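What follows is a single structure, written as structure tokens, with notes after it.
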Amino acid sequence: MTSFVPGQRWISDTETEQGLGTVLTLEGRMVTLLFPATGETRLYSVNNCPLTRVQFNPGDKVESHEGWIMTVTDVIESNGLLTYKGMISGGPSDGQPEVLPESGLGNFIRFNKPQDRMLAGQIDQNSNFSLRYKTLQHNHKLKRSPLRGLVGARTSLIPHQLHIAREVSGRHAPRVMLADEVGMGKTIEAGLILHQQLVTGRASRILILVPESLQHQWLVEMLRRFNLHFSLFDEERCRNADDDNPFNTEQLILCSLGFLSNNAERFEQAMQTDWDLLVVDEAHHLVWDEESPSAEYCTVEQLSRHIPGLLLLTATPEQMGPESHFARLRLLDPDRFHDLKAYQGEEKTYEPVAEAVQELLENDRLPETAQNHLISFLGAECQNLIDNINMGDEELRSSSRNRLLRSLLDRHGTGRILFRNTRAAVGGFPGRVVQGYPQALPELYQIALEEETEIRSSLYPELAYQSRITVDDMDPWWKVDPRTDWLINLLKLLKKQKVLVICANANTALDLEDALRITSGIPAAVFHENMSIVERDRAAAWFADEEYGAQVLICSEIGSEGRNFQFAHHLVLFDLPSHPDLLEQRIGRLDRIGQTETIKIHVPYITGTSQELLFHWYDRGLDAFADTCPSGSMVFEKHGEQLQALLQPESNASLEDIEPLISETAALNSEVKEHLHNGRDRLLEINSRGLSSNEDMINDIEEQEEPRQLKRYMEKLFEGFGVESEDHSKHCLVIRPGSHMVTSFPMLSADGMTVTFDREMALSREDIHFLTWEHPMVSDSMEMLLTSDMGNTSVALLKNKALKPGTMLLEAIYVVESSGDRRLQLDRYLPATPIRCLIDPGMNNLATRVAFDTLNAQLQPIKKGMAKKLVKAQREPILKMLERAEGYAKDAVQPIVSEACSALLAAVTEEIKRLAALKAVNPNVRDEEIEHLKNQAATGHQCLQNAMLRLDGLRLMIAG
């Protein structure tokens, strides 16, 4: 039985944070300890207590409760109590002899270092030692991965999205515009960039500005897909903040653009906050002209001057005209884009460059005209690469072609800051078909329109009816409008198929919902700008519910921005917008990645009104229903005034009157599309999806995911922390807090949760959490283990017939690590790197000859009491073997550090050279990018040179 004496110092094996405990009383089979560091008392059974007697030895340094340090020279025991003799270390009394009874030991002494814990008898389970070493290995591999930050998202692995994310997220303070066509995944690209910037330490504080209607959607997307917990800020949140500046209270903040542009106080507070990255969605709303830029534009402009990184998202970059498009480029780089006329002149030079790119892509061997073309752009120095293409082997031709392509793209004016993928270039999208449904003009509508002079009334005759027909007890417009009965009949015909209806005005949407409810009983949800965000989310969720949801969702114009309804295949355009880009946004709610069927577009229009003319102009002039229309803005800019004149109610234009404009529009549309294909858009699509296939990157991501290995590792980790887990299905586990959990586990809810390690399962089941190596539950629990002392000591029995019984081996795990600002990303080159030493009785290092897993398989546990006795009996040999292990480890440090320094300098030097050469031909490269890299190289090299070696784990093995 363990002998307890009042005044002895013991430490709790299960509550080491309590510090040293003092024995107060011993009564029968129970002992009471006081822990002065916390003021807590504990009552333990003498026969089964998780306590270890604290006993120091000569050579150890101990601290008194008064704070002075003594080096122990002798230990005296009397009546079960210890007294330490030694010399004071440091301070004015350095070298003076001193006596310290164990009752005078400092209360805050904790044994964190593996050797101190082992010698103090604090022994962990062998399984936890193995788990700790495996965690170090996994952590080292993950930190060095070139795909770090791109693996953990709950998204499909789509090549063009991953290319943009990798291209942009690797930059210092990226400033780019993501302008993929509607439905191509700009939000996913932005989320991947944010996730990578945060994971790698390039950014830590991010502000996202979106239209008010999209706040919750962004909030949910960032959390569900990327595990990024943004805080939604509005006036109420700011008023209740603890800080004078509420924006200082969170790292990741999301709010509406209008909230800042309409509130001078909150805008000023946002300006006073240190951000790393600003994200602005639906950036085409940032309207600008030299005389009177919009309030929203001015807000973003001032923030963008203050914040190093900027992401602008828009599917229609030229919707508000070329001036506003230039103004958004000006936000990204005001030094580069300062003159509108110069920019417009530069745009005209893109087509010859695109032709040179096309020649390289289409010709195995370049004809003389193509060679001359390339030399005129790149100079005589490209002749060698041209010769390689014409005469080299396949590998040399391929590499030379890619180098020439990169050089040509580097000369493309907006190639580094503008990314735009198109459906045509990416491919794989289902088709679109349109059906027009002419409806007779009601007599009451005709009367209402006679006095109207605005196009708006002609396009939306229900508005004219409501304002002009003022008879008492007048019927609601939907009883007069033939489109209402047409819609009800269509919905009945389609039965339970989901249908999205979009109209321009909120009141029209509300009235249509009333009409369906009153006359047909068809379940319909409504979605408009006057609803709260929560109400909109509920409406969208009801529509999305397959079993019990609404058949139809009726949206006002805001329904065409940001929301994704690709699970529906029928779109009803109850009216038509006045701009082709708005039409494309409407159709883009269904025509996007994830759509599995041909989209059926239904357009009812009232004959004899502007609706009929506009439908035919869109359909036969722009071909805007059946296909995407990248040329829409430019064609509208040319013919918009002529179209508007014909749409005026007083013009009384007929379909015959608009035929010449339709013909002119079709001709110009074809010409502009061809120009875009040959010029800037051709360059953009090549640059935006990458010169080479991204399939290798996707294969690397799939290989790095290692779902089976991660599942095995997490089961061990759950077991180590006392989390209960059981199989749910293939690649899925149900986990819940266990009754013996030693601490709270990251992101584990009290009710438990279901997790999967399979990407396809995660994409099909949103209720299941998707665990990857980058998921916060995984990364945070790994960090929690490595920053604790869990598993850093172990004693085990080694069953090996080749070894003489009693033979002792000591396994020491060291870690080489550097410290520095996270933004330096030193862990790309020198993450915490484990060095394993295995010392035998002859002081030889057997680590390279005996693998960790091979050795681990031969080990069996030893009872804790026996383990403590073994350590105490072998104290001197352990210390000698540990000293030898440290020598071996120190010898391994310099090669590791040298390799890391070389990798850092090589990577940074290559990037500096590339950017410097690029800057000579493309002013979009900012000086600060190059300066940042130079500073990163100098500071990073110094930090790596100061890398430290520390002991992380210690295992004693006795053959038997």
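These numbers come from a predicted model, not from an experiment. What you see below is based on every heavy atom in this structure, not just the backbone, and it leaves out hydrogens, waters and symmetry mates.
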Checklist entry - Is the backbone of Ala906 close enough, under 3.5 Å, to the side chain of Thr909 for a donor and an acceptor to pair up by distance? => result no
Checklist entry - Pick from Thr793, Ile813, Asp789, Leu786: which one makes a side-chain contact (heavy atoms from CB on, under 4.5 Å) with Arg132? => result Leu786
Next on the checklist: Looking only at the side chains, is there a donor atom on one of Ser127 and Glu719 sitting less than 3.5 Å from an acceptor on the other?
Outcome noted: no
Item to check | Residue Gln942 excluded, over 12 heavy atoms near CD under 6.0 Å | outcome: no
Checklist entry - More than 12 foreign heavy atoms under 6.0 Å from CD of Glu783: is that the case here? => result no
Checklist outcome for this item: Across all chains, not counting sequence neighbours, the ring-ring contact (aromatic ring centres under 6.0 Å, His included) partners of Phe770 are none
Item to check | Worked verdict on Leu198 versus Phe226 for side-chain contact (heavy atoms from CB on, under 4.5 Å) | outcome: CA-CA 11 Å; Leu198 289 165; Phe226 305 101; over 6 Å; no
Checklist entry - Among side-chain atoms of Gln894 and Ser898, is any donor-acceptor pair under 3.5 angstrom? => result yes
Item to check | Arg759 side chain vs Ser156 backbone, donor-acceptor pair below 3.5 Å | outcome: no
Item to check | Other residues, nucleotides, ligands: >12 heavy atoms within 6.0 Å of Glu726 CD | outcome: yes
Next on the checklist: For Arg950, I'd like to know if atom CZ has over 12 heavy atoms of other residues, nucleotides or ligands within 6.0 Å.
Outcome noted: yes
Checklist entry - Looking only at atom types and distance, does a side-chain atom of Ser398 sit under 3.5 Å from a main-chain N or O of Glu394, one as donor and one as acceptor? => result no
Item to check | Test item: Thr854 side-chain N/O and Val850 main-chain N/O as donor-acceptor pair under 3.5 Å | outcome: no
Item to check | Ile253 side chain reached by Thr273 side chain, heavy atoms, under 4.5 Å | outcome: no
Next on the checklist: Looking at Asp727 and Leu733, would you say the former's side chain and the latter's main chain have a donor-acceptor pair under 3.5 Å?
Outcome noted: no
Item to check | From CA spacing to verdict: salt bridge (charged side-chain N to carboxylate O under 4.0 Å, His left out), Asp124, Arg117 | outcome: CA-CA 10 Å; Asp124 296 329; Arg117 292 190 72 234; 2.9 Å; yes
Item to check | Between CG on residue Leu136 and OG1 on residue Thr833, distance to nearest 0.5 Å | outcome: 9.5 Å
Checklist entry - Can you tell me how far the CD atom of Gln251 sits from the CG atom of Asp276, to the nearest 0.5 Å? => result 8.5 Å
Checklist entry - So, are Glu774 and Arg148 salt-bridged, with charged N and O less than 4.0 Å apart? => result no
Next on the checklist: Pair Arg955, Asn126 - check side-chain hydrogen bond (donor to acceptor under 3.5 Å, both in side chains), show working.
Outcome noted: CA-CA 8 Å; Arg955 177 160 65 181; Asn126 187 61; 2.7 Å; yes
Checklist entry - Is the count of non-hydrogen atoms from other residues, nucleotides or ligands lying under 6.0 Å from Arg403 atom CZ greater than 12? => result no
Next on the checklist: By the definition ring-ring contact (aromatic ring centres under 6.0 Å, His included), identify the one residue from Tyr814, Phe852, Tyr713 that meets it with Tyr133.
Outcome noted: Phe852
Item to check | Backbone of Asp274 reached by a side-chain donor or acceptor of Arg205 within 3.5 Å | outcome: yes
Item to check | From Ile896, Asp952, Val815, residue fulfilling side-chain contact (heavy atoms from CB on, under 4.5 Å) relative to Ile835 | outcome: Ile896
